[in-house]
Amino acid sequence: MNKISNLKIFETTIYDRPMEFKSFFIDYNNEFKTKNYDEKAKEIKRLKKEFLKNRITMCEKYGFDGSKIIIPNDKFSKETGSYFLADEKIYSEKKDLIYVKKSKNIVLLKSDNPGIVIGYPVADDPVVIIEDKDNQISALAHCDLDKISKKVPVYMIKALKQEANSNVKNLKVYISSNLKEKNNKYYVKPKPIKENPKVWKDSVHKYDKNDKNNIKSIIQDLLTYRINQEHAIYNMLVKEGIDPTNITISDRNTYEDSRLYSARKTQDYHEPNLQGKFLVGAYYEGTFPNYKEEKGRTRTL
């Protein structure tokens, strides 16, 4: 597969510690509960400094400045498919850009924005990154069940077309590590899937009679729906005109890969140490300080 210009894509690991403040905060939760209001305020301030310090150290290994990460605040986005550009208007606002969260589904990054990283902290859902090599612009979005049902990956293409007149045939896509179908089980069909079943065609399955499991597993599987999020995204993108050979899907299963966090695994095993979120993101090479890059830590499509 051809390289995506000089765009670097990375995924942090459990060894880098959680890449979301709430998750990072879990490490200190018991100690924090015993403090009064003033002590808590002081402690939060200290923990934010610790969180930044950890990110700075960690991100040097991946080749970028950990204080320059911009994340779309899609939880509070009122308009489906909304986007913003990670430009100077954004990154001149704060010293630590991880707290500059615009209430949009999608964030765009152009190669002429020096020192900026776009990313999203996740613990099962895939992150989709689309690159337009010709126009040196990329788009990133978090794709949970709801965002997939609302066709956010399609809106990513629309955003690139609107911002850079991108040609869909030239776009390249990366779908990150995620909870694979074998572990992505629900006893009741999720509401987003019920609301837009066309999006999920061939991506929701029940028990396969050819599976070789013990009786307990067979009974359990008969009662569950298995959801394939990456497949639904793939089908959506191909339908929009993306060349299938230009789509790369990570083979990492967050449930099975001990290097990654998994919300589902934490739920199944009730182990607090499994809690957290790793960061999936992208940046343009050549616009960052000359950090020493460790082999295998970043990937270029």
Side-chain angles (χ1 to χ4, degrees), residues 9-30 51 54-55 58 61-62 71 74-75 119-129 140-149 174-193 200 203-208 211-234 248-281 296-297 299:
I9 294 172
F10 67 91
E11 296 187 9
T12 66
T13 72
I14 196 169
Y15 304 111
D16 300 309
R17 301 186 72 183
M19 288 296 109
E20 177 196 51
F21 182 63
K22 184 179 179 182
S23 301
F24 185 85
F25 186 80
I26 290 172
D27 293 350
Y28 304 88
N29 203 28
N30 291 330
F51 182 47
N54 180 73
R55 267 186 288 120
M58 178 279 296
K61 299 185 297 184
Y62 295 88
I71 297 170
D74 62 349
K75 294 178 182 177
Y120 202 96
V122 287
D124 276 333
D125 292 317
V127 171
V128 176
I129 300 171
L140 178 146
H142 162 234
C143 289
D144 60 11
L145 298 182
D146 182 62
K147 301 302 184 301
I148 295 171
S149 288
Y174 175 70
I175 301 174
S176 77
S177 310
N178 62 89
L179 184 66
K180 302 297 184 180
E181 179 181 349
K182 61 186 291 187
N183 304 112
N184 199 0
K185 297 180 180 181
Y186 290 82
Y187 287 104
V188 178
K189 187 177 290 188
K191 183 179 177 181
I193 294 176
W200 297 95
S203 299
V204 179
H205 302 105
K206 281 243 177 178
Y207 170 67
D208 184 348
D211 285 349
K212 293 181 179 180
N213 291 317
N214 59 45
I215 296 299
K216 183 178 178 180
S217 296
I218 291 174
I219 293 174
Q220 185 181 46
D221 285 346
L222 281 169
L223 299 174
T224 60
Y225 294 92
R226 296 183 296 178
I227 314 299
N228 193 331
Q229 290 174 243
E230 64 186 38
H231 187 260
I233 295 168
Y234 175 89
T248 297
I249 302 175
S250 172
D251 58 2
R252 285 185 178 182
N253 182 349
T254 53
Y255 197 97
E256 296 181 339
D257 195 322
S258 60
R259 296 168 294 178
L260 305 175
Y261 291 100
S262 172
R264 181 63 60 84
K265 190 172 183 179
T266 299
Q267 180 182 0
D268 289 349
Y269 288 89
H270 307 288
E271 293 188 28
N273 62 314
L274 296 174
Q275 295 185 55
K277 292 191 177 183
F278 61 98
L279 186 72
V280 178
R297 288 213 174 247
R299 63 183 297 160

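Along the sequence shown, residues are numbered consecutively beginning with 1. Scope of the values below: all heavy atoms of this structure, side chains included, with no hydrogens, waters or symmetry mates.
Side-chain atoms of Asn228 do not come within 3.5 Å of backbone N or O of Glu181 as any donor-acceptor pair. Within the 3.5 Å criterion, the main-chain N or O of Leu179 finds a donor-acceptor partner in the side chain of Thr254. The backbone N or O of Ser176 lies less than 3.5 Å from no partner atom in the side chain of Glu11, so there is not a single donor-acceptor pair.
Between Trp200 and Ser149 the shortest side-chain heavy-atom distance falls below 4.5 Å. Here the side chains of Gln229 and Leu145 are in contact, with some heavy-atom distance below 4.5 Å. By the 4.5 Å heavy-atom criterion applied to side chains, Glu230 and Pro126 are not counted as neighbours. No side-chain heavy atom of Lys277 sits under 4.5 Å from any side-chain heavy atom of Met19. No side-chain heavy atom of Val280 sits under 4.5 Å from any side-chain heavy atom of Phe10.
With hydrogens and angles left out, the side-chain atoms of Asp125 and Tyr120 include no donor and acceptor closer than 3.5 Å.
Distance OG/Ser262 to CG/Asp268: 7.5 Å, rounded to 0.5 Å. With rounding to the nearest 0.5 Å, the separation of OH in Tyr174 from CD1 in Ile9 is 7.0 Å. Taken to the nearest 0.5 Å, the CG atom of Asp144 stands 9.5 Å off from the NZ atom of Lys75. Residue Thr12 holds its OG1 atom at 12.5 Å from CZ of Arg17, rounded to the nearest 0.5 Å. Atom-to-atom distance recorded for Asn178:CG and Asn253:CG is 7.5 Å, nearest 0.5 angstrom. With rounding to the nearest 0.5 angstrom, the CG atom of Asn54 is 7.5 Å from the CG atom of Asp16.
Identified under the salt bridge (Lys or Arg N to Asp or Glu O under 4.0 Å) test for residues 255-265, with sequence neighbours left out: Lys182-Glu256, Arg252-Asp257, Asp257-Arg259.
Nearest heavy atoms, Pro121 versus Ile71: CD-CD1, 3.7 Å. Heavy-atom minimum distance, Pro18 versus Ser23: CB-CB, 3.5 Å. Shortest non-hydrogen contact noted between Phe278 and Ala123 is CE2-CA, 4.3 Å. Contact between Leu140 and Gly281 at its shortest, heavy atoms only, is CD1-CA, 4.0 Å. In this structure, Tyr234 and Ile175 approach most closely via the heavy-atom pair N-CD1, 4.4 Å.
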Walk me through whether Ile193 and Ile227 qualify under side-chain contact (heavy atoms from CB on, under 4.5 Å).
CA-CA 9 Å; Ile193 294 176; Ile227 314 299; 3.5 Å; yes
After noting the C-alpha distance and the side-chain angles of Ile233 and Val128, does the key distance pass the side-chain contact (heavy atoms from CB on, under 4.5 Å) rule?
CA-CA 9 Å; Ile233 295 168; Val128 176; 3.9 Å; yes
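When ring centroids are compared, Phe21 and Phe51 come within the 6.0 Å threshold. Between Tyr225 and Tyr186, the gap from one ring centroid to the other reaches at least 6.0 Å.
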